[in-house]
Amino acid sequence: MADAEVDLFVIGAGSGGTRAARIAAGYGAKVMVAEEFRVGGTCVIRGCIPKKLFVYASRFRDEFEDAEGFGWKIGKTSFDWPTLVAGKEKEITRLSGLYGTFMTRAGAEIVQSRAVIEDTQTVRLLNDGRRIRAKYILIATGGHPVFEPQIPGLEHTITSNEIFDLPVFPKRLVIVGGGYIAVEFASIFARLGAIVTQVFRADNVLRGFDDDLRSNLAVALRDAEIDLRAGILPQRIEKTNKGLHVHLSDGSCVEADQVLVATGRRPNTNDLGLEKAGVGINEKGAIVVDSHSKTSVDSIYAVGDVTDRINLTPVAVREGHAFADTIFGERPTTVSHINVPSAVFTTPEIGTVGLSEQEARKIFDCVDIYLAHFRPLKANMSGREEKVLMKVVVDGATDQVLGVHILGHDAGEMAQLVAIPVGMGCKKTDFDATMALHPTAAEELVTMRTRAARYERSPAERA
Ligand code: NDP
């Protein structure tokens, strides 16, 4: 006998789960949501939002320096880590509260508990043992950072879960990994005043991004005095009374106050009762779903990072919304995972949508590249060594824009807007026909007249 009956039980109050709960409740469904940590999930509590706040904090350093070229005399500046951590905590608490309010106002009930699946339509709350019978269960449990590579001394390291709340600012920081999280934190902590060493196994950072963005970002990170070490990993970490000794694969040793491991994330599928209910997972532990986010069980759906499709907040939000529309709004909806824009909040920032040059050249017979690489107006007066890179990837046969890649100030903002025409299948001639907005950096996107390169596949390569 169930202790309660609901139409929808959502496990996890992160971006995807919260949206699904709110929309489903808005359609009149009886909804219960279980969250074991804090409402808001990774994005709000220990991901995108606090990260962006730290990015803002870090960029004041450049602003102070640049101001002098414009006539300002800035006195001695100093940075106070506890003030930043406390300000961040206040903001994420406010946002977490808002997420909760949105759900409860819509009529959903939130319970602070871990929940496990008992069978295809029953969930058990671990805090009080209650069993909840649900017509539908939505798994939106997100992911967690991995601790890899497995080396002696790994217990002395931290992940992105801990870095936002360190009691003491790490003056010497070693970062392991070359992905989103690693480059963003390298950028943040270098500007906040830490000596940063970043080690990663690949030949460059950000595997999968356009190669021109990667190489230009690496130059900018080195200019910011980040010690980037490609093709190198830690082999063991020792704790001494002077801090951590990080022994690297090239035989060198770096001293650090903290070691941040940012070598990827895994879906949170352990100990959820998935096997009992018959929910299928893939070799990476992610829940396998169809285009409507339905698992191998008709009454159980999953959205967001736990499905490891595209692990970005807006994607999880869309998937959660589409699920609620489909099941409770009688509007079957799927989410397109094509042309999803993304940003990397390094300084300079990356904003990107669509295919990289390398991806396009694998798929299309003829690929045209348009490039702009220039010093922004502000840097001419501040004296900062800074370059903006813009790249447009075009199908040479049809003139369709396949991808746009930007490195520079506000690249994320530009990528969001340019994702609209790219998603609509616009042509390069549409870019050319658009009037420039002067003086901006973005005007370069519509004033690239000369093709920088054309790559044609030979008949043998096409076969
Ligand atoms: P990423 O997948 O971006 O990068 C993982 C890094 O770790 C890569 O450099 C990878 O190397 C390396 N790596 C993986 N396994 C090992 C191993 N066993 N030993 C050594 N190195 C290893 O993961 P992140 O942790 O940086 O971020 C996780 C996800 O979070 C991202 O994929 C993204 O979806 C999301 N995110 C998005 C942000 C944004 O939108 N701005 C910001 C932060 C996170 P290699 O390249 O050689 O595979």
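One-based numbering, in listed order, for ligands and for the atoms of each.
Contact analysis puts K51 in contact with ligand 1, with a non-hydrogen atom separation below 4.0 angstrom. Heavy atoms of G264 come nearer than 4.0 angstrom to ligand 1 in at least one pair.
Selection from I181, V199, T313 by nearest heavy atom to atom 43 (C) of ligand 1 gives I181. Here atom 32 (O) of ligand 1 lies nearest to Y180 when heavy atoms of F185, Y180, F147 are compared. Between atom 35 (C) of ligand 1 and the options D203, I310, N311, D305, the minimum heavy-atom separation is to N311.
When atom types are taken as modelled, the side chain of Q400 and the backbone of D395 share no donor-acceptor pair closer than 3.5 angstrom. Listed for the T18 side chain is no donor-acceptor partner under 3.5 Å among the backbone atoms of S15. One N or O on the side chain of S249 and one on the backbone of L233 form a donor-acceptor pair closer than 3.5 Å. Counting only distance, with no hydrogens or angles, the side chain of H337 and the backbone of V335 share a donor-acceptor pair below 3.5 Å. In this structure, the side chain of H144 engages the main chain of R266 through a donor-acceptor pair within 3.5 Å.
Every atom of ligand 1 is numbered from 1 in the order shown, and the set under 4.0 Å from a heavy atom of P149 is 19 (N), 20 (C). Ligand 1 places these atoms under 4.0 Å from at least one heavy atom of G178: 6 (C), 8 (C), 9 (O). Remark: ligand 1 atoms within the under-4.0 Å shell around heavy atoms of A202 are 47 (O). If you number the atoms of ligand 1 from 1 as listed, the ones under 4.0 Å from a heavy atom of L312 come out as 37 (C), 40 (O). Near E184, with a cut-off below 4.0 Å to any heavy atom, the atoms of ligand 1 are 41 (N), 42 (C), 43 (C). Of all atoms in ligand 1, numbered sequentially from 1 with element shown, those under 4.0 Å from a heavy atom of A343 are 39 (C), 40 (O), 41 (N). Counting the atoms of ligand 1 from 1 in the order shown, those under 4.0 Å from a heavy atom of L233 are 20 (C). Counting atoms of ligand 1 from 1 in the listed order, those under 4.0 Å from a heavy atom of R207 are 45 (P), 46 (O), 47 (O), 48 (O).
Ionic pairing of K427 and D430 is not present here: no N-O contact between side-chain nitrogen and carboxylate oxygen is shorter than 4.0 angstrom. The existence of a salt bridge linking E63 and R384 is excluded, since no basic side-chain nitrogen approaches an acidic carboxylate oxygen closer than 4.0 Å. Contact check on D165 versus K88 returns a salt bridge, with a Lys/Arg side-chain nitrogen under 4.0 Å from an Asp/Glu carboxylate oxygen.
Ranking protein heavy atoms by distance to atom 11 (O) of ligand 1, first place goes to R201 NE, 3.3 Å. For atom 18 (N) of ligand 1, the closest heavy atom belonging to the protein is E148 OE1, 3.1 Å. For atom 29 (C) of ligand 1, the closest non-hydrogen atom of the protein is R265 CD, 4.0 Å. Of the protein's non-hydrogen atoms, the one nearest atom 4 (O) of ligand 1 is G179 CA, 3.3 Å. The protein atom (non-hydrogen) at minimum distance from atom 7 (O) of ligand 1 is T263 CA, 3.1 Å.
When each of F345, F54, F164 is tested with F185 by the rule ring pair (Phe, Tyr, Trp, His ring centres under 6.0 Å), just one qualifies, namely F164. Between I188 and the choices T347, V55, I163, the side-chain contact (heavy atoms from CB on, under 4.5 Å) rule is met once, by V55.
Note on ring orientation: taking the six-membered ring where Trp is involved, the planes of H247 and H245 are perpendicular (angle over 60°, cut-offs 30° and 60°).
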